[in-house]
**Q** 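Handing you a structure now.
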Amino acid sequence: MRARAVSGRLARRGDPRYMGLAMFAVIYRWKLIPGREQQFEEGWRAGTRAIAEEFGGWGSRLHRGEDGVVVAYAQWPDRSTWERAMQSRMHHSDDEARAKYRGAFEPDSFETLFAGEVTADLLELRRAGSDA
């Protein structure tokens, strides 16, 4: 069952607090330095957790493509929450995480590919080997 942060607490599907929530999605892209994929992922994981805790993000999924390109899909409760986080360039408190991921991608390769409202949500959290 999926959960979403609502006023600092998790709400699950079927919970009235979950229904009707606005959602905002952002897609980011990086070009990794060969051999630093694991370093980037470790930093990205810790940084994403810090962003969720400190700025109210709903988490992210990281995808690896061809030629060292990775993209992340991140969800936010709304545009204003994301914009507030962007005012500080999402400068979270985990300096070690930031050093890891920033040291693993090519300079000037980071970009925001898309930022917009979610108009339909059919994505379900599934894990390999799970029927749920």
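In what follows, every heavy atom counts, from backbone to side chain, and hydrogens, waters and symmetry copies are set aside. For reference, positions follow the sequence shown, starting with 1.
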**Q** Once you round to the nearest 0.5 Å, how far does OG1 of Thr48 lie from CE of Met90?
**A**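 Nearest 0.5 Å value for the OG1-CE distance: 9.5 Å.
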**Q** How far does CD of Glu111 sit from NZ of Lys31, to the nearest 0.5 angstrom?
**A**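 Those atoms lie 12.5 Å apart.
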**Q** Are Leu32 and Leu62 connected, step by step, through hydrophobic side chains (Ile, Leu, Val, Met, Phe, Trp, Tyr) whose heavy atoms are closer than 4.5 Å?
**A**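 Yes, same cluster.
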**Q** Using the ring of each side chain (for Trp, its six-membered ring), is Phe110 parallel, tilted or perpendicular to Phe105, with breaks at 30° and 60°?
**A**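 The arrangement is tilted - the two ring planes meet at 30° to 60°.
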**Q** Taking the side chain as every heavy atom from C-beta outward, state whether Asp94 and Glu96 have any pair of such atoms under 4.5 Å apart.
**A**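 They are in contact (side-chain heavy atoms under 4.5 Å apart), so the answer is yes.
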**Q** Is the shortest heavy-atom distance from the side chain of Val26 to the side chain of Met86 under 4.5 Å?
**A**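 Side-chain contact under 4.5 Å: no.
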**Q** Return the minimal non-hydrogen interatomic distance between Phe55 and Trp76, and the atom names on each side.
**A**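 Of all heavy-atom pairs spanning Phe55 and Trp76, the closest is O-CZ3, 3.7 Å.
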**Q** Given 3.5 Å as the limit, does a donor-acceptor pair link the side chain of Arg98 with the main chain of His92, or not?
**A**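 Yes.
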**Q** Just by modelled atom types, is the Glu37 backbone N or O under 3.5 Å from a matching donor or acceptor in the Gln39 side chain?
**A**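 Looks like no, no N/O pair under 3.5 Å.
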**Q** So which heavy atom on Leu123 is nearest to which on Arg61, and how close?
**A**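 Nearest pair, atom of Leu123 first, then Arg61: CD2-NH1, 2.7 Å.
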**Q** Are Phe40 and Tyr28 linked, directly or through intermediate hydrophobic residues, by side-chain heavy-atom contacts shorter than 4.5 Å (ILVMFWY only)?
**A**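 Same cluster: Tyr28 reaches Phe40 through Ile, Leu, Val, Met, Phe, Trp or Tyr contacts under 4.5 Å.
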**Q** Before you tell me yes or no, could you show the steps for Arg49 and Glu53 under side-chain contact (heavy atoms from CB on, under 4.5 Å), namely the whole-Å CA-CA distance, both residues' side-chain angles and the distance that decides it to 0.1 Å?
**A** CA-CA 6 Å; Arg49 286 186 196 104; Glu53 185 172 311; over 6 Å; no
**Q** Please determine whether residues Val71 and Trp58 belong to a single hydrophobic cluster, defined as Ile, Leu, Val, Met, Phe, Trp and Tyr linked transitively by side-chain heavy-atom distances below 4.5 Å.
**A**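 The answer is yes; both residues are in one hydrophobic cluster.
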**Q** Check the surroundings of atom CZ in Arg45: do more than 12 heavy atoms from other residues, nucleotides or ligands lie under 6.0 Å from it?
**A**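 Result for CZ/Arg45: open.
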**Q** Quick one: pull up CG in Asp78 and CD in Glu83 and give me the separation to the nearest 0.5 Å.
**A**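 Output value for this atom pair is 9.0 Å.
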**Q** Looking at Glu117, I want to see if its CD is surrounded by more than 12 non-hydrogen atoms of other residues, nucleotides or ligands under 6.0 Å.
**A**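 Yes - once you tally the heavy atoms of other residues, nucleotides and ligands closer than 6.0 Å, there are more than 12.
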**Q** So, does Arg29 use its side chain to make a donor-acceptor pair with the main chain of Leu113 at under 3.5 Å?
**A**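 Absent.
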**Q** So which heavy atom on Thr81 is nearest to which on Pro77, and how close?
**A**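 Residues Thr81 and Pro77, closest heavy atoms: OG1-CG, 3.7 Å.
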**Q** Under the 3.5 angstrom rule, does the side chain of Glu42 hit a backbone N or O of Lys100 as a donor-acceptor pair?
**A**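 Flag not set: sc Glu42 to bb Lys100 has no pair under 3.5 Å.
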**Q** Are any non-hydrogen side-chain atoms of Trp44 and Trp30 less than 4.5 angstrom apart?
**A**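 Trp44 vs Trp30: side chains touch.
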**Q** Could you report the tightest heavy-atom contact between Ala46 and Ala97, atom names first, then the distance?
**A**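 Where Ala46 meets Ala97 most closely, the heavy atoms are CB-CB, 3.6 Å.
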**Q** Looking at CZ of Phe114 and OH of Tyr73, how far apart are the two atoms once the value is rounded to the nearest 0.5 Å?
**A**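 Between atom CZ of Phe114 and atom OH of Tyr73 there are 8.5 Å.
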**Q** Please assess Asp108 against Glu106 for the test side-chain contact (heavy atoms from CB on, under 4.5 Å), listing each intermediate value before the final yes or no.
**A** CA-CA 6 Å; Asp108 301 320; Glu106 293 182 4; over 6 Å; no
